[in-house]
There are 2 protein chains.
Amino acid sequence: MDEMLAVTALSALAHSQRLRVFRALVVAGPAGVTPSVLAESLGVARNALSFHLKALAHANLVSIEQQGRNLRYRADFARMNALLGYLTEHCCEGGSCEVAPSACAAAC
Amino acid sequence: MDEMLAVTALSALAHSQRLRVFRALVVAGPAGVTPSVLAESLGVARNALSFHLKALAHANLVSIEQQGRNLRYRADFARMNALLGYLTEHCCEGGSCEVAPSACAAAC
DNA sequence: TCAATAATACAACATTTATTGAACTATTGG
DNA sequence: CCAATAGTTCAATAAATGTTGTATTATTGA
């Protein structure tokens, strides 16, 4: 994780609709979700959703898999955890609090 | 942590200079840093730094304390950890991976 | 092959956000 | 009080980003 990747990821998440989309994908976990389901459950227009998913994919926060006529989007947990780690890196001058990847990071 | 707070915080961090400032404050830990020192060590103009610190403060990611002629900025670790938790909340449908606050969060 | 559905791409406009320089306030020390 | 330092604020311009509607590509099933 370098600075540019982190800024790209943070920018992608710094938007209410994209944040909702991403959190929905995090909740869905490895199973992933199709855009149709997301559009339905979040109440976002499909073209807007496509635009936002592209932004998240560009930031490598989500991955895409084609399944016939549908796409399946998944949160990229490795990337997410890299981002979280980047924010807390060398915390408190590396003193009392080395940062460990969160439980979720490891499990997903 | 609600959505609006999260978006505000993510927006504040989604900028290379502010991200550098915040990470410097995270590294500094509870001791905090003065704007002069930050401006010097990061090579940012003082008025620009002031602008960016204001944005971080507005997002409650940093706190300010006046010390005579100097100000002392500190990272707000509670807020930061709330943000990290918000991103991974209900991960994988609350299944195998409940998210625990990171080591840093607890210690700082 | 044709109609329907899934999803994306594009373009134009409105809105935000960043950057820069100059001016301003407040505190310390002589 | 005066000069110097610390830090902030403001305003104008430049640049990036969000939104919306329309058009396009691709896949499925009859």
Side-chain angles (χ1 to χ4, degrees), chain A residues 3-25 28 31-76, chain B residues 3-25 28 31-76:
Chain A
E3 182 180 280
M4 218 184 66
L5 292 175
V7 168
T8 303
L10 290 166
S11 294
L13 292 172
H15 183 286
S16 62
Q17 292 190 326
R18 283 198 294 269
L19 185 54
R20 269 180 228 159
V21 168
F22 182 73
R23 289 192 356 122
L25 289 174
V33 191
T34 63
S36 302
V37 172
L38 278 176
E40 173 78 16
S41 62
L42 299 177
V44 180
R46 281 202 218 151
N47 57 356
L49 181 65
S50 174
F51 177 82
H52 292 313
L53 282 170
K54 199 171 73 170
L56 289 170
H58 178 69
N60 286 111
L61 285 167
V62 306
S63 62
I64 317 177
E65 186 189 342
Q66 183 108 31
Q67 289 188 333
R69 145 157 72 179
N70 292 319
L71 293 180
R72 189 157 288 271
Y73 282 87
R74 291 187 181 84
D76 183 330
Chain B
E3 181 180 280
M4 219 184 65
L5 291 175
V7 168
T8 303
L10 290 166
S11 294
L13 292 172
H15 183 285
S16 62
Q17 292 191 326
R18 284 198 294 269
L19 185 54
R20 270 180 227 160
V21 168
F22 182 73
R23 291 194 352 125
L25 289 174
V33 191
T34 62
S36 302
V37 171
L38 278 177
E40 173 78 17
S41 62
L42 300 177
V44 179
R46 280 200 211 152
N47 57 354
L49 181 65
S50 176
F51 176 82
H52 293 312
L53 281 170
K54 200 170 72 170
L56 289 171
H58 179 69
N60 286 110
L61 285 168
V62 305
S63 62
I64 316 178
E65 187 189 340
Q66 182 110 30
Q67 289 187 332
R69 149 158 66 176
N70 294 318
L71 293 180
R72 189 156 288 272
Y73 281 86
R74 291 188 181 84
D76 184 330

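Note on naming: letters A, B, ... go to the chains in the order of the sequence lines (proteins, then strands), and numbering restarts at 1 for each one. Reckoned from all heavy atoms, side chains included, excluding hydrogens, waters and symmetry mates.
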**Asked** If you check every side-chain atom of H15(A), which of dT19(C), dG18(D), dT9(D) has the closest atom?
**Response** dG18(D)
**Prompt:** Any donor-acceptor pair under 3.5 Å joining the side chain of N47(A) to the base of dT22(D)?
**Reply:** yes
**Prompt:** Okay, side chain of S11(B), backbone of V7(B): is any donor-acceptor separation there less than 3.5 Å?
**Reply:** yes
**Request:** Can you see which heavy atom on V33(A) is nearest to which on A28(A), and at what distance?
**Result:** CG2-CB, 3.4 Å
**Request:** Provide, to the nearest angstrom, the distance between the CG atom belonging to N70(B) and the P atom belonging to dT27(C).
**Result:** 12 Å
**Asked** CD of E3(B): more than 12 outside heavy atoms within 6.0 angstrom?
**Response** yes
**Prompt:** What closest approach, in Å, do L71(A) and P35(A) show between heavy atoms, and which atom pair accounts for it?
**Reply:** O-CD, 3.4 Å
**Request:** Return the 5'-most residue of the pair S11(B), V37(A) with respect to DNA chain C, ranking by each residue's nearest nucleotide.
**Result:** V37(A)
**Asked** So which nucleotide does dA30(D) pair with, by the Watson-Crick or G-U wobble rule with both distances under 3.5 Å?
**Response** dT1(C)
**Item:** Atom-to-atom span, CG of L53(A) to P of dA7(C) - whole angstrom
**Value:** 10 Å
**Asked** Counting side-chain heavy atoms from C-beta on, which of dT8(D), dA6(D), dA7(C) comes nearest to P35(A)?
**Response** dA7(C)
**Message:** Less than 4.0 angstrom between a side-chain N/O of Y73(B) and OP1 or OP2 of dT8(D), yes or no?
**Reply:** yes
**Shortest side-chain distance from L71(A), nucleotide among dA4(D), dT27(D), dA7(C)** = dA7(C)
**Asked** From dT8(C), dT8(D), dA18(C), pick the nucleotide closest to the side chain of R18(B)?
**Response** dA18(C)
**Nearest-0.5 Å distance that lies between atom CD in E65(A) and atom CZ in R72(A)** = 8.0 Å
**Request:** Check the distance between dT28(D)'s P and Q66(A)'s CD and give it to me in whole angstrom.
**Result:** 8 Å
**Message:** Without decimals, in angstroms, what is the distance between K54(B) NZ and dT19(C) P?
**Reply:** 15 Å
**Asked** When you measure from the side chain of Q17(A), which nucleotide among dT8(C), dT9(D), dT19(D) comes out closest?
**Response** dT19(D)
**Prompt:** For the pair made of CG in L19(B) and C1' in dA18(C), what is the distance, rounded to whole Å?
**Reply:** 16 Å
**Asked** For DNA chain D, whose closest nucleotide is more 5', that of G68(A) or that of H52(A)?
**Response** H52(A)
**Prompt:** What is the distance from CD of E65(B) to P of dT27(C), rounded to the nearest Å?
**Reply:** 15 Å
**Prompt:** To the nearest Å, how far apart are L49(B) CG and dT19(C) C1'?
**Reply:** 14 Å
**Request:** Measure from the side-chain heavy atoms of R69(B) and tell me the nearest of dA4(D), dA9(C), dT19(D).
**Result:** dA4(D)
**Asked** For the pair made of CD1 in I64(A) and C1' in dA7(C), what is the distance, rounded to whole Å?
**Response** 11 Å
**Fill in**
Winner on side-chain proximity to R46(B), out of dA7(C), dT5(C), dA6(D), is dA6(D)
